[in-house]
Amino acid sequence: MATNTRYLGLIDRYRSRLPVKDGCRIISLCEGDTPLIQLHNIPRNRGLDVEIYVKFDGLNPTGSFKDRGMTMAVTQAVSDGSQAVICASTGNTSAAAAAYAARAGIRAFVLIPEGKIAYGKLAQAMMLNATVLQIRGNFDDGMSLVKEVASETPVTIVNSINPYRLQGQKTAAFEIVDALGDAPDYHCLPVGNAGNISAYWMGYSEYFDDSTASHRPVMAGYQAAGAAPFIAGHPIDNPDTVATAIRIGNPQSWDKAKAAEKESGGWFDAISDEEILATQRMLAGEEGIFAEPASATSVAGAIRDIKSGRIPSGSRIVCTLTGNGLKDPDIAIEQCGKPQIVDATLGAVESAIASAF
Ligand SMILES: *Cc1c(COP(=O)(O)O)cnc(C)c1O
């Protein structure tokens, strides 16, 4: 007889390490357990002597790592008797909030910035039956509004200022250590609101504290150059970048992320939009991995820092790919152009193929 080993999501897998009350109803879509893929072609093609992996969190149920936090936040909200959740979002948080609220049978309200949201994410929030309010303002404006609304109305905030979000997200670090047998030397992440880098640091620290891991990685956080408050050293107005998921000027987890940088001996750095998009194409074209622009920021930063020697050769590196490339089809098509049109004849197809070599 075969045994039933069906994976039931990250709360089931890491329950002893998560603040989940006994007997409460778990709201899960079997999130987590995402692939840790070793990059082969990218380092070989550039002569980089490193062992580098991507944690492809774009393969979560709604296509981003936000599902890790949302299973915890919505499970807690339901356990507390909440009938509705609310968030401000550059897109992926709204998709995850909508999905987990639907699963729980409660309402989701999402505030998204006007005109700056990837189409796939908007489609998800709408289809998953959230009430979507597009505000005439940016993410930071939405975040302030959400805090005000929640102080006056019985709705649960499920942005990463909700501590259960980071608890869920720390499980990605557990999965990496469980897969590799120890922590990597370096961990590279895109940074927007800075919740995820804080969550990884928490996860690595917990495994280190009970000796499940022998050390903690150096944490490297990369921001888009036009939305880089950590590099400026203070929050900025009017952040702008093609990587809409990290178009944030006033990170909510500032202090936690700064602590992770300091305690790990890590750094923050800025990546231009051109570099972000070139790396997105590199991951797709050379490794077959289609991640959204914000995600490519981690790999762009890692490659730059390996080349400069800041990350020494021989290192073992993990980069988080936070979201799925399908989230933002417009950016992909814009970069790659339209398919070529040929006559429906053998000759036309054969000559098109020959000219591709
Ligand atoms: C939310 C998000 C980020 C940024 O994560 P923070 O925790 O806000 O720093 C990066 N990439 C993608 C795809 C995201 O959805």
Side-chain angles (χ1 to χ4, degrees), residues 31 34 54-70 73 87-97 99 110 112-113 116-118 120-122 124-125 139-140 142-143 158-163 165-170 172-173 187-203 219-224 227-230 235 239 241-258 260-261 268 271 276 279-280 283 289-301 319-328 331:
E31 58 294 309
T34 54
V54 291
K55 178 69 170 161
F56 195 8
D57 252 6
L59 293 180
N60 273 297
T62 77
S64 86
F65 76 84
K66 301 300 198 302
D67 295 340
R68 291 182 182 275
M70 210 54 76
C87 64
S89 177
T90 59
N92 282 332
T93 302
S94 62
V110 307
I112 58 173
K116 290 284 184 180
I117 179 166
K121 303 176 189 180
L122 184 58
Q124 286 179 293
F139 171 85
D140 301 299
M143 195 62 241
V158 291
N159 281 103
S160 55
I161 56 170
N162 177 323
R165 279 275 311 273
L166 300 199
Q167 287 291 326
Q169 288 168 211
K170 77 183 179 185
H187 193 115
C188 305
L189 283 151
V191 173
N193 228 354
N196 213 28
I197 194 167
S198 307
Y200 270 91
W201 185 240
M202 198 193 310
M219 304 296 290
Y222 301 100
Q223 302 207 280
F230 282 109
T241 167
V242 68
T244 51
I246 51 173
R247 190 169 173 270
I248 292 175
N250 185 17
Q252 298 293 307
S253 294
W254 184 281
D255 295 340
K256 289 193 184 78
K258 286 300 284 184
E261 176 199 26
F268 292 104
I271 311 288
I276 290 172
T279 309
Q280 184 193 25
L283 276 163
I289 300 168
F290 187 21
E292 70 172 284
S295 305
T297 309
S298 61
V299 175
C319 300
T320 301
L321 295 180
T322 44
N324 198 301
L326 294 170
K327 294 270 193 177
D328 200 344
I331 275 294

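In each ligand, atom 1 is the first atom listed, and ligand 1 is the first ligand listed. Only a predicted model underlies this, so the values are computations on that prediction, with no experimental measurement involved.
Applying the side chain to side chain donor-acceptor pair (under 3.5 Å) test to Y222 and every residue at least two apart in sequence or in another chain returns W267, D305. Partners of Q280 according to the side chain to side chain donor-acceptor pair (under 3.5 Å) rule, which considers only residues two or more places apart in sequence or in another chain, are Q335. Taking the side chain to side chain donor-acceptor pair (under 3.5 Å) definition, one finds that K256 meets it with nothing, sequence neighbours left out.
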May I have a table of the N/O to N/O pairs between ligand 1 and the protein that fall below 3.5 Å, each row giving the two atom names and the distance to 0.1 Å?
| from | atom 1 | to | atom 2 | distance (Å) |
| --- | --- | --- | --- | --- |
| ligand 1 | 7 (O) | G195 | N | 3.2 |
| ligand 1 | 7 (O) | N196 | N | 2.8 |
| ligand 1 | 8 (O) | N193 | N | 2.8 |
| ligand 1 | 9 (O) | G192 | N | 2.8 |
| ligand 1 | 9 (O) | N193 | N | 3.3 |
| ligand 1 | 9 (O) | A194 | N | 2.8 |
| ligand 1 | 11 (N) | T322 | OG1 | 2.7 |
| ligand 1 | 15 (O) | K66 | NZ | 2.6 |
| ligand 1 | 15 (O) | N92 | ND2 | 2.7 |

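Minimum interatomic distance between A245 and K121 (heavy atoms only, all atoms of both residues): CB-NZ, 3.8 Å.
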(message) Go through it in stages, so that I can follow the logic: the residues are T62 and N92, the test is side-chain contact (heavy atoms from CB on, under 4.5 Å), and I'd like the CA-CA distance, side-chain angles, deciding distance and then a yes or no.
(response) CA-CA 8 Å; T62 77; N92 282 332; over 6 Å; no

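Classified by interplanar angle (parallel below 30°, tilted 30° to 60°, perpendicular above 60°), the ring pair H187/Y200 is tilted.
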